[in-house]
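What follows is one structure encoded as structure tokens, with my remarks underneath.
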Amino acid sequence: MSHPASTGRRLVHDVDLIDPLDVARFGGKAAGLARMRRLGLRVPPAFVVETAACGIYQSEGRQIPLGILAGCREQIARLEAQTGKAFGGDTGVPLLVSVRSGAQISMPGMMDTVLNLGLDRRSVLRLAAASGDPSFALDTWTRFWSMFSDIVLDVDPEVLADGIATERSRAAERLHADTAAALEHRVIEVLAAESGPVPLNPHEQLEAAVRAVLDSWDSRRARLYREHHGIPHDLGTAITVQAMVFGNLGTPAGSGVAFTRDPSTGAPRLYGEYLAGGQGEEVVAGTRTPVGLDAAEADWASIVTELEGYGQRLEQEYRDALDIEFTVEAGTLYLLQVRPAKRSAAAAVHIATAMVSEGLIDPADAVLRVSRDQVKRLVSPEFDQEAVDSARASGHLLTKGVPASPGHGSGEAVFDADRAVEHASAGREVVLVRPTTSPQDLRGILAARAIVTARGGATSHAAVVSRALDKPCVVGCEDIEVRLEERAFVAGGRRVSEGTTISVDGATGEIILGELPRRVPTRNLDALNELLDWADDRSGATLWTEATSALPVELARGTGAAGVGIVPLTDLLQAVGRLPVLLKAIERYSADPDAPEADIEVAVADATATALEPLLAAAGDLAVDVRVPNLTSGRARAWVEKWTTLAPHLLMPLGARRLIAAYARGALAATQKTGHTGLGLLAAGITSAEELEQFAAEVGPELTVGAVLQNPAVLVDATDLAAGGRPLWIDLAELVRTTLGRPEELLYTDSYTELPPLLTQLLAGLVGTDAQTRVGVRLTGNAVTSATALHDLGFRVFSSTPAQSGELRLLLGQHVLEEDPHD
Amino acid sequence: MSNVLAEGYNAFETNKSPSGRVKYLSDPPSVMALIRSGRLGEHILLVRGGTTTFLAPALSMGAIGVITMSGAPESHLGILSREFQTPCVMTAWLLSSSSRYVPGETDDSHFDEIVKALDGVEVSLDCSDSLVGRVIAL
Amino acid sequence: MTDEEFLALNSIYLKKIATSAAVSASTGLPEQAVERVLAGAEASGRVIDVGQGMLMLSEDGVHAVLGEFSERYAASREDQVVEDWYKRFELLNSQFLKVVTDWQQDGGDLSKLERLLKLVERQVRALGHIIDRIPRYGVYSQRFTQAIEAVDKGQIAYLVSPDVDSIHSIWFEFHEDILTVLGRPRDVAEPAE
């Protein structure tokens with residue numbers, strides 16, 4: 001059965017007249033163009049051959065339905081009228097078109113896009129004249145042949161390029177009737193040898209391209225793909241033909257990109273730039289400097305206004321900030337492509353919250369629009385920018401390496417893990433500088449504020465562990481020569497010896513001499529907190545943040561933390577330089593656990609009070625949970641001299657009862673002095689509910705007592721613990737480690753994506769009861785990804801570093817929204 | 001500090017740092033002999049690089065590291081080394097020499113010098129950089 | 001050498017190391033026939049078992065195969081058509097190695113896949129132009145086509161893995177094959193840096 005010509009004609013449409021929602025009939029590209037046209041936006045004119053044509057083509061034994069070609073000719077004539085250009089022919093500025101396949105579903109084997117169709121040896125000269133740029137005209141023409149031969153004729157474009165090299169370079173030297181004719185002649189020769197006679201007339205080339213699209217629907221690979229995925233063969237592909245516009249024709253002319261909101265700050269004003277007389281690729285390549293839209297030349301003023309109008313309309317339609325690619329040809333603005341705009345972390349948050357207040361989106365949408373990485377970036381303390389600029393200006397930039405883990409940190413340069421630990425335990429900040437790091441350096445990495453390695457790349461040990469710990473790290477500093485014997489390194493022509501303070505920027509890779517002050521930029525925190533509050537509304541999560549000094553506590557407050565914890569007492573003692581008191585006490589009690597050693601106990605109590613006061617004072621009305629020292633930890637093993645000779649009983653959670661009493665007295669004194677009322681003292685490493693009660697008895701009734709659960713044995717008592725009413729913290733990383741039996745050195749390089757099933761089972765016993773017991777989970781580093789699984793189990797209280805708390809709140813909010821968008 | 005003997009183009013970035021005694025393989029029979037000896041895993045293999053295909057069996061049978069004296073990461077050997085994830089330093093040059101491989105212009109003395117310097121030496125390969133691979137004396 | 005022997009031994013020559021199952025899959029010869037031929041070759045010292053069923057050619061074996069090539073393809077070595085075809089192949093080969101390397105280094109980005117597969121399809125079409133000179137090459141077209149199909153079905157191992165008849169393995173063997181037909185040492189044929 002053959003279809004009358006009128007059928008064919010009816011299958012070819014002006015995209016202005018089609019239904020933008022009918023992707024099945026017109027393909028994604030044409031539907032997208034139609035959508036933009038409905039909004040009143042000017043796009044280069046286009047027409048589409050609907051998918052039904054494909055089916056008729058196949059069923060008629062590969063005959064293009066009568067009337068399709070006539071319909072295409074009519075549409076081309078319309079394009080000519082609308083653009084004032086000529087397709088083929090002998091006069092006028094040439095009309096060039098692109099030809100695209102467009103099925104509802106993409107699949108292998110479909111035809112790629114052909115651009116710049118419409119030139120021949122005469123019109124290329126007219127294009128050169130109209131643009132004033134012969135090399136542009138020649139490039140456009142040869143690019144067409146390259147694509148046409150590759151895509152439509154199945155000829156290797158390298159073979160073509162090789163074959164026409166001589167004629168092309170002659171035409172490049174001087175584009176004229178003779179050189180253009182010679183080039184065209186050569187193209188025909190080469191292609192004829194490869195695939196037979198080649199169409200020269202643009203109308204014939206268009207027909208060949210249309211046929212190639214229709215044929216590609218039926219290519220072997222496309223067929224097989226459809227069979228494999230159960231896609232019907234009669235869906236067909238559409239063919240979209242669109243006029244091309246050029247930023248170097250007429251005046252004013254140019255190409256550029258505009259963002260509907262500032263991509264760095266999110267401020268709601270049009271931001272972007274353009275290149276007058278240029279093409280899109282030049283803007284991207286950065287070979288010439290574009291003009292900012294805010295500094296547009298006089299003849300561009302009305303175009304900028306038009307762009308602003310389009311921008312607003314598009315934002316209403318797409319409900320997001322957008323990036324718009326545009327071209328101005330002979331004073332007329334055309335939009336080429338519209339996409340959601342890439343934006344900085346700060347912009348993402350500001351845009352999301354602004355759009356909620358503008359009524360464009362709702363809070364749930366906003367929570368889903370921002371990513372965890374973006375939140376992380378916003379809450380890390382940064383070097384003061386002025387201080388950085390002035391340091392660079394004074395020649396303090398030592399070197400630049402490969403940024404491996406973002407963040408900013410300063411400290412005294414040290415060259416091995418032992419020294420790092422030694423200095424850190426005396427309360428000094430250090431930066432670990434090594435040729436490279438290995439698992440044996442873990443305790444050094446933990447003690448350091450930043451890590452620098454001379455060798456290695458973004459996947460080296462130092463990089464991986466630093467990212468897990470959220471510490472700034474720069475690797476691959478080729479310029480650094482580490483001289484371990486001299487305890488110094490040489491970089492940028494300077495010698496830096498151990499103990500000299502340096503600053504590390506893990507985002508740019510810069511290593512700077514001297515200390516640079518750090519602050520959390522506050523300008524974005526309000527918007528961020530608004531967003532995170534919405535996330536908390538959905539997840540019901542409460543977050544505590546870890547802190548050992550005033551800065552993080554302030555940050556914690558600023559980001560809406562419910563409390564401060566878990567704080568290791570050891571860290572606090574270290575920060576005020578009183579750790580030696582504790583170490584001495586441990587040795588004494590090891591010798592004789594019950595001997596009254598009043599002076600040592602007073603010293604420990606005193607040290608504890610001194611260590612706690614600053615933290616409690618800064619915490620104000622925030623609750624604080626402090627964990628007493630755990631003598632079995634790797635840290636203890638490293639710091640306590642002769643740890644191996646300690647009496648074994650001292651290693652039990654309740655082994656050093658006098659010490660516990662001393663901590664308690666010091667803690668009580670600190671609360672009385674500062675007036676803080678929310679302090680909790682936590683036992684570490686307990687293995688039963690009974691042990692917790694004994695600990696509580698030792699501490700006394702005046703303080704709240706709780707525990708940190710660090711090994712699976714204690715979870716057997718889950719029910720009793722949950723009913724006990726004493727605050728509990730689950731140290732997740734430590735629990736996973738002890739459940740799986742992994743050594744401490746691998747703690748941060750291990751990444752597990754699922755909790756061990758045993759652990760999930762045991763943990764479930766702690767939630768879901770009616771008891772008023774607060775049960776929280778401490779998440780660190782990679783363990784943050786377990787938060788969603790724990791939330792599903794029923795946990796709602798979490799603790800993390802200040803840097804991770806925002807990320808965690810977002811993660812939980814997004815998790816709940818993804819599970820049930822209408823929650 | 002480390003003693004870098006040679007550098008070259010890194011076929012792919014990895015933390016794997018294999019070590020062993022360098023063994024120069026000049027032809028297919030030497031590859032076969034090494035495989036049959038069961039000592040393949042003790043050696044870092046050194047080859048010219050032009051005749052890369054005969055090394056394929058060594059990769060299949062568990063070679064731990066390769067140094068070539070010519071050939072680019074975009075070659076069959078480069079592709080295979082990435083597929084097997086066997087660290088591979090290509091077109092290596094000695095740091096102690098100014099001689100460099102130039103396609104079509106290099107004579108045997110360049111290769112002989114490298115073989116002489118590396119064959120039989122205990123080394124490890126550092127391929128942690130995205131572009132440069134290093135041969136380090138142990 | 002019989003045709004069967006040549007096909008089987010050549011297969012090991014091209015793969016450098018192979019099991020008899022792999023030889024059967026690549027040549028289309030039935031496994032039993034392959035095993036018979038290879039057992040004979042082992043007995044005569046042309047093939048060596050290096051462990052785990054992996055076979056390699058001995059020096060004698062290589063010599064014998066190369067001798068067969070010289071005899072069977074003496075005419076092709078003088079044939080300008082084959083020479084021109086090979087020059088064309090070199091261009092495609094450089095593109096292929098580049099695209100595969102690119103794909104591997106990008107962590108296996110699937111959008112690069114299309115480009116790779118279109119290249120291989122081009123090679124299949126090119127093979128169609130040389131079949132009249134070297135009919136044996138029809139097998140390569142089939143192998144490439146099957147590998148493309150497997151990849152299109154989501155079996156990505158069929159791109160580069162040496163454990164299956166992957167696109168890269170087939171290409172690698174083919175390159176070796178055409179070079180040997182032309183009597184060329186490998187050195188000269190490595191891609192320019």
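What you are looking at is a predicted structure, and each value in this text was computed from that prediction instead of being measured.
- The neighbour count for Lys98(C) NZ, taken as heavy atoms of other residues, nucleotides or ligands under 6.0 Å away, does not exceed 12.
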Candidate pair Val100(C) and Glu83(B), rule side chain to side chain contact (heavy atoms under 4.5 Å, CB included), full reasoning
CA-CA 11 Å; Val100(C) 173; Glu83(B) 183 61 20; over 6 Å; no
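- A 4.5 Å side-chain heavy-atom check between Ile35(B) and Met56(C) finds at least one atom pair inside the cut-off.
- For Arg125(C), the CZ atom sits in a packed shell: over 12 heavy atoms of surrounding residues, nucleotides or ligands are nearer than 6.0 Å.
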Between Ile79(B) and Phe172(C), does a side chain to side chain contact (heavy atoms under 4.5 Å, CB included) hold up when you go through it step by step?
CA-CA 10 Å; Ile79(B) 291 171; Phe172(C) 176 90; over 6 Å; no
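- No donor-acceptor pair under 3.5 Å is formed between the side chain of Glu59(C) and the backbone N or O of Pro29(B).
- Looking only at heavy-atom pairs under 4.5 Å with chain B, the residue among Lys16(C), Gln104(C), Lys15(C), Gln52(C) that has the most is Gln104(C).
- The aromatic rings of His168(C) and His76(B) are tilted relative to each other, their planes meeting at an angle between 30° and 60°.
- For the atom pair CE (Met32(B)) and CG (Leu57(C)), the distance works out to 7.5 Å, reported to the nearest 0.5 Å.
- In terms of heavy-atom proximity, Arg36(B) sits nearest to Asp49(C) at NE-O, 4.3 Å.
- Taken from CG in Leu97(C) to CG in Leu77(B), the straight-line distance is 11.5 Å, to the nearest 0.5 Å.
- For the residue pair Pro73(B) and Thr101(C), the shortest heavy atom distance occurs at O-OG1, 3.9 Å.
- Contact annotation: the side chain of Gln105(C) never approaches that of Glu13(B) to less than 4.5 Å [non-hydrogen atoms, C-beta and beyond].
- If you tally non-hydrogen atom pairs under 4.5 Å between each of Ser161(C), Ser58(C), Gly51(C), Ser169(C) and chain B, the highest count goes to Ser161(C).
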